[in-house]
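Data block below; observations after.
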Amino acid sequence: MKTLSPLQQERLKYQPKLPSSLSKGINSLEMIEGEATQSVRDQEQIKELFKNTYGKPVVTFKISDSTQTSAQRNVGVILSGGQAPGGHNVIAGLYDALKQANSSNKLYGFLGGPSGIIDGKYIEFTDEFMDQYRNTGGFDIIGSGRTKLETEEQFQKSLAVCKKLNISAVVIIGGDDSNTNAALLAEWFVKNNTGIQVIGCPKTIDGDLKNDQIEISFGFDTATKTYAELIGNIQRDANSAKKYWHFIKIMGRSASHVALEAALQTQPNITLISEEVEAKKMSLESIVNYMTDIIVRRANMGKNFGIAVIPEGLIEFIPEMKSMISNLNDIMASLETDPSFVNATTIRDKFDIVENRLDEDNAKVYNSLPAIIKGQLLADRDPHGNVQVSKIETEKLLIEMISTRLDELKSQGDYIGKFSAQSHFFGYEGRCAFPSNFDADYCYSLGYNAFALINNGLTGYLSSVRNLTQPASEWIAGGVPLTMMMNMEKRHGEMKPVIQKALVKLDGPVFKQLEANREEWAMNDRYLFPGAIQYFGPSCVCDVTTCTLQLERAKELASV
Ligand code: FBP
């Protein structure tokens with residue numbers, strides 16, 4: 001028999017909250033349609049590519065006075081991409097709504113991500129199975145994967161599997177790429193008169209799947225609180241021992257929302273924001289100089305310690321690196337099957353092959369890097385052909401370069417301190433934490449609401465729950481057409497329809513908060529210690545949402 005930790009036992013009993021519009025039951029809902037919508041950009045191209053699903057209205061739900069009956073239906077669910085706390089609760093909400101609508105309904109979980117629907121690998125959910133996973137972190141209930149779902153062959157195979165299981169709707173829980181695939185699949189199913197609906201749910205700890213209708217993706221709340229706890233603990237340690245600089249890289253493949261939020265929760269001495277680096281065209285050297293300056297000034301005050309937070313995606317936002325990496329990505333695609341590269345006996349031989357193919361300026365940048373980083377840049381690409389930034393030790397690169405710079409300054413008599421650094425990478429630590437009360441409620445609502453969208457016959461929609469800084473009872477449940485979030489972007493050298501990624505806005509209230517305080521935080525230690533996520537206790541501790549959500553919502557409400 002499985003043994004459960006005390007917290008696990010208590011969390012299994014937690015009943016997630018629903019918006020009051022959904023709380024009377026799935027068969028007592030009325031759907032309100034808004035105006036027709038448009039894609040965020042490139043309207044003509046997106047409309048042409050999504051002839052059947054483009055332009056649909058945003059919808060919201062309210063309690064209906066009458067009670068409907070729902071016909072029997074089977075639904076399939078997929079977890080896609082990186083883990084995010086709360087994924088199990090999305091499935092729990094979906095399962096409960098589906099069973100409430102009609103107890104003969106069935107939920108199938110496709111195993112290992114999108115490849116599960118293509119290869120026909122699935123399980124059928126039962127009460128007993130579902131109950132083991134309520135309010136737990138992780139995606140282990142059915143597993144996840146990063147297979148892209150986009151070719152005609154994959155769609156045909158998915159259709160065959162759905163037909164075999166008599167599935168009439170598929171829910172894809174994923175980030176911007178996975179929901180782009182959901183939009184493509186929805187369009188294909190309509191175009192081919194299959195009668196199968198597709199609904200997405202906004203997941204990613206990175207927090208970059210958001211827009212006017214999606215206030216935050218799930219998992220961001222729990223993951224950032226987990227990283228903030230760890231940073232706070234390290235700050236205490238640094239402030240106690242007063243002998244180390246801690247360089248902490250934090251997940252967030254492209255956007256710096258996670259680093260920014262963790263910084264607002266903890267107030268470290270240095271926080272780099274990739275979007276600012278790109279906007280100010282900061283070279284690697286100027287980043288090193290910026291950080292070195294703070295280290296020197298603190299040393300002059302007798303403080304040879306500090307905390308620097310570095311976003312995971314930084315390297316791709318440094319202009320000269322961005323150009324080199326993009327050139328390298330193309331080269332790596334062509335070298336994948338090149339025997340001279342694949343069979344090269346030493347890593348140095350691989351460096352030579354790559355350097356000879358890079359454009360002159362890019363080769364210089366590549367060559368200037370330490371061998372360990374050059375090697376990491378040659379690691380396998382993700383399914384989208386991009387460098388896996390989680391594998392690049394930017395924090396170590398910065399430590400090495402700053403160390404060299406400080407030695408130079410010391411030899412000139414311009415630095416009197418002692419620099420000893422520790423590096424950390426916080427990413428996987430936060431992705432499977434027990435979902436915070438916020439994520440437990442939000443995810444359950446997203447899943448429940450996804451079934452409401454299915455039950456109302458919609459396809460090509462993202463489950464949307466808004467008004468999130470208010471108590472859950474006041475949340476607004478509804479759906480947003482996936483095409484509304486799309487634009488055309490270059491992928492693998494070709495223009496493709498994709499959901500627009502939300503990067504940190506430098507004129508937004510969240511970045512402004514950091515900007516206004518960072519000099520003070522750099523010199524005068526104003527560390528905050530958030531501590532571990534609390535699941536039971538006063539609401540002001542257990543139910544508080546992220547600074548990002550609070551600041552963005554406050555600005556939005558002020559402008560209404
Ligand atoms: P998603 O965009 O799929 O949610 O993934 C987010 C993320 O956690 C990034 O922060 C990180 O760069 C990446 O996944 C790591 O991926 P992997 O789990 O494949 O190592």
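Note that the coordinates shown come from a computational prediction; the quantities given were computed from them, not determined experimentally. Here, residue 1 is the first one in the sequence, and each next residue gets the next number. All values below come from the heavy atoms of this structure, side chains included, with hydrogens, waters and symmetry mates left out. Order of listing sets the numbers, starting from 1, for every ligand and every atom in it.
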State the atoms of ligand 1, each with its element, that fall below the 4.0 Å cut-off from a heavy-atom position in G81.
-> 3 (O)
Identify whether the distance between the nearest side-chain nitrogen and carboxylate oxygen of E215 and R553 falls below 4.0 Å.
-> yes
Does any N or O atom in Y428 lie less than 3.5 angstrom from one in ligand 1, N or O only?
-> yes
How many angstroms lie between CG in L18 and OH in Y442, if you round to the nearest 0.5 Å?
-> 14.0 Å
In terms of the angle between their ring planes, are F529 and Y527 parallel, tilted or perpendicular, with boundaries placed at 30° and 60°?
-> perpendicular
Should D96 and R134 count as an ion pair when the cut-off is N to O under 4.0 Å?
-> yes
Considering only NZ, NE, NH1 and NH2 on the basic side and carboxylate oxygens on the acidic side, decide whether K555 and E552 come within less than 4.0 Å.
-> no
Is there any N or O on G82 that sits under 3.5 Å from an N or O of ligand 1?
-> yes
Applying side chain to side chain contact (heavy atoms under 4.5 Å, CB included), run through Y448 and S463 and close with a yes or a no.
-> CA-CA 9 Å; Y448 193 99; S463 176; over 6 Å; no
Using a strict cut-off of 4.0 Å, indicate which atoms of ligand 1 neighbour a heavy atom of G252.
-> 10 (O)
Shortest protein contact, atom 2 (O) of ligand 1 (heavy atom only) | R253 NH2, 2.8 Å
Check whether any side-chain N or O of N449 sits under 3.5 Å from a backbone N or O of S445 as a donor-acceptor pair, and report yes or no.
-> no
Which residue supplies the protein heavy atom nearest to atom 12 (O) of ligand 1, what is that atom called, and how far is it?
-> E312 OE1, 2.8 Å
Considering only the protein, which heavy-atom contact is closest to atom 10 (O) of ligand 1, and what is its distance?
-> D206 OD1, 2.7 Å
Heavy-atom contacts under 4.0 Å between T204 and ligand 1: side chain, backbone, both, or neither?
-> both
Per-atom contacts of ligand 1 with K203, taking only distances under 4.0 Å to non-hydrogen atoms | 1 (P), 3 (O), 4 (O)
With backbone taken as N, CA, C and O and side chain as the heavy atoms from C-beta onward, which portion of R146 lies under 4.0 Å from ligand 1: side chain, backbone, both, or neither?
-> side chain
Would you call K322 and E278 a salt bridge, taking side-chain N to carboxylate O under 4.0 Å as the test?
-> yes
Nearest non-hydrogen protein atom to atom 18 (O) of ligand 1, with distance, is R431 NH2, 2.9 Å
